[in-house]
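Worksheet for the structure shown next.
Just so we're on the same page: letters track the sequence lines, and every chain starts at 1.
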Protein chains: 2
Amino acid sequence: MALEHAILVSLMEQPGSGYELARRFDRSIGRFWTATHQQIYRVLRRMEADGWIAVELIAQDGRPDKKVYSAAEPGRRALSAWLREPVEPETVRHELAVKIRAAAFDDPAALVSEVERHREQHAALLARYLAGERRDFPDPAALDAREQLQHVVLRGGIEYERMTLAWLDDVLATLHRLANRPSNPGTS
Amino acid sequence: MALEHAILVSLMEQPGSGYELARRFDRSIGRFWTATHQQIYRVLRRMEADGWIAVELIAQDGRPDKKVYSAAEPGRRALSAWLREPVEPETVRHELAVKIRAAAFDDPAALVSEVERHREQHAALLARYLAGERRDFPDPAALDAREQLQHVVLRGGIEYERMTLAWLDDVLATLHRLANRPSNPGTS
DNA sequence: CCCTCCATGTAAATTGTTACATGATTCA
DNA sequence: TGAATCATGTAACAATTTACATGGAGGG
């Protein structure tokens, strides 16, 4: 499990409430680890019980109270130990690929609009990443260690999106080829 | 949920037992959808109850009986309907990226061997994909619809591995740069 | 007045993982 | 004899998702 560790990293970069963490997981961290607020609240309580994080209750005017969490020493040690453990291989879940293979038993043309939709989403994400890179890392030579590591993770996201866009174009070309000369029963 | 659909696709490509499906999920399908045999047995029973698939009990000499499943008409219709539904975005889980960001609060050099291990695994996987491509798709001009779709999914896997290898080299270069001139407290 | 944001949670259902269990066959 | 493969499962647990619930603030 790594949700604990993802939360710890986020809290070490910047303390915050469960709600704020949930929003970070929608943005930057969500690029490589997703979590809903329900998961986050539950894990935060466990982490607090284990002494990994400390809480500070902050009363706000007009707003509900806020529990601001920050990484405690046992949490830092746990993170350090986890860093030295080997990671198990990522379990992949690529639904679109399943659909592409399923299209062989149906009309491949029915997938075109879906693939185009994905293509647009990935293009938009790439644009966001590139904008974020220009904003946060304008001068790559002047970055400290933390920023350099954040930057290399972002570059991974950028290259992933570029690769995916190129592949989706390949998929679209294949689907169009199949639609033009169907060697399948069904159409026409 | 798409495990049902991944199983359906596999059964339409070729009927088989739960055990055989589990092995396919270890190999080809596992590239974009993983599942253990326990999950597969559970889902197969549900799919059979729903009439999506048909079973044929096959007695074998020396071996336990085999339940060979094949896609039934309601299953085909369900697959066809699913194909036309939009897919929800993939939930990403990239533990190594979490570790890279965590390394900012620890010794970045401690990650080098782990990243190198990942690099080797991805290099080996790429080699397997390329070998599979040469074996299964030696003449791309002579493929039927099903093979063309399988091939484009495989190309996606190949490009993903190439991209990942290049990125891991980038990560290693970054880690080495940080180890040589550490702007972090801790080392020396 | 309705919607979104802030902020936290409970409950239920589904999915996924890990461990255990059985029993025959084949290969070294 | 011991390990791996074939073949199917149960049980317990952990993780994730989805739905529901509350309640004030601020904007249109």
At 10 degrees resolution, what angle do the end axes of the helix from C:dC1-D:dG28 to C:dA28-D:dT1 form when each is taken over five base pairs? 40°

Flag the pair B:D106 and A:R84 as a salt bridge only when some basic side-chain nitrogen lies within less than 4.0 angstrom of an acidic carboxylate oxygen. yes

Rounded to whole Å, how long is the line connecting atom CD of B:E56 with atom P of D:dA7? 15 Å

Any Lys/Arg nitrogen of A:R101 or B:E13 sitting under 4.0 Å from an Asp/Glu carboxylate oxygen of the other? yes

Between atom CD1 in A:I40 and atom P in D:dT17, what is the gap in whole Å? 11 Å

How long is the line joining CG of B:L3 and P of D:dT17, in whole Å? 15 Å

State whether the distance check finds a donor on one side and an acceptor on the other, under 3.5 Å, for side chain B:R42 versus base D:dG9. no

Could you give the CG-to-P distance, from A:D65 to C:dT8, as a whole number of Å? 9 Å

Parallel, tilted or perpendicular: ring planes of A:H94 versus A:W167, cut at 30 and 60 degrees: perpendicular

Residues which pass side-chain hydrogen bond (donor to acceptor under 3.5 Å, both in side chains) with A:Q38, listed by chain and number, not counting sequence neighbours: A:T36

So if I take every side-chain heavy atom of A:Y19 and compare against C:dT8, D:dG9, D:dA7, which nucleotide ends up nearest? C:dT8

Side-chain (A:Q60) to main-chain (A:K66) donor-acceptor, under 3.5 angstrom: no

Distance test, side-chain N/O of A:S17 to OP1/OP2 of C:dT8, below 4.0 Å: yes

With sequence neighbours excluded, what pairs up with B:D169 under the side-chain hydrogen bond (donor to acceptor under 3.5 Å, both in side chains) test? B:R119

Using the closest heavy atom to pick a nucleotide of DNA chain D for each, name whichever of B:Y69 or B:R23 lands nearer the 5' end. B:R23

Output yes when at least one side-chain N/O atom of B:Q39 is less than 4.0 Å from OP1 or OP2 of C:dT15, else no. no

Rounding to an integer number of Å, can you tell me how far B:L21 CG sits from D:dC6 P? 14 Å

Provide, to the nearest angstrom, the distance between the CZ atom belonging to B:R45 and the P atom belonging to D:dA7. 18 Å

Nearest to the side chain of A:K67, heavy atoms from C-beta on, is which of C:dG9, D:dA7, D:dT17? C:dG9

Before you tell me yes or no, could you show the steps for A:K67 and A:E56 under side chain to side chain contact (heavy atoms under 4.5 Å, CB included), namely the whole-Å CA-CA distance, both residues' side-chain angles and the distance that decides it to 0.1 Å? CA-CA 6 Å; A:K67 291 185 192 168; A:E56 201 192 348; over 6 Å; no

Tell me whether the OP1 or OP2 atom of D:dT16 has a side-chain N or O from A:R93 closer than 4.0 Å. no

Using whole Å, report how far NZ of A:K66 lies from P of D:dG23. 22 Å

Of B:G18 and A:H37, whose nearest nucleotide on DNA chain D comes first from the 5' end? B:G18

Check every strand shown and say whether B:Q38 touches a base, only sugar-phosphate, or nothing at a heavy-atom separation below 4.0 Å. base

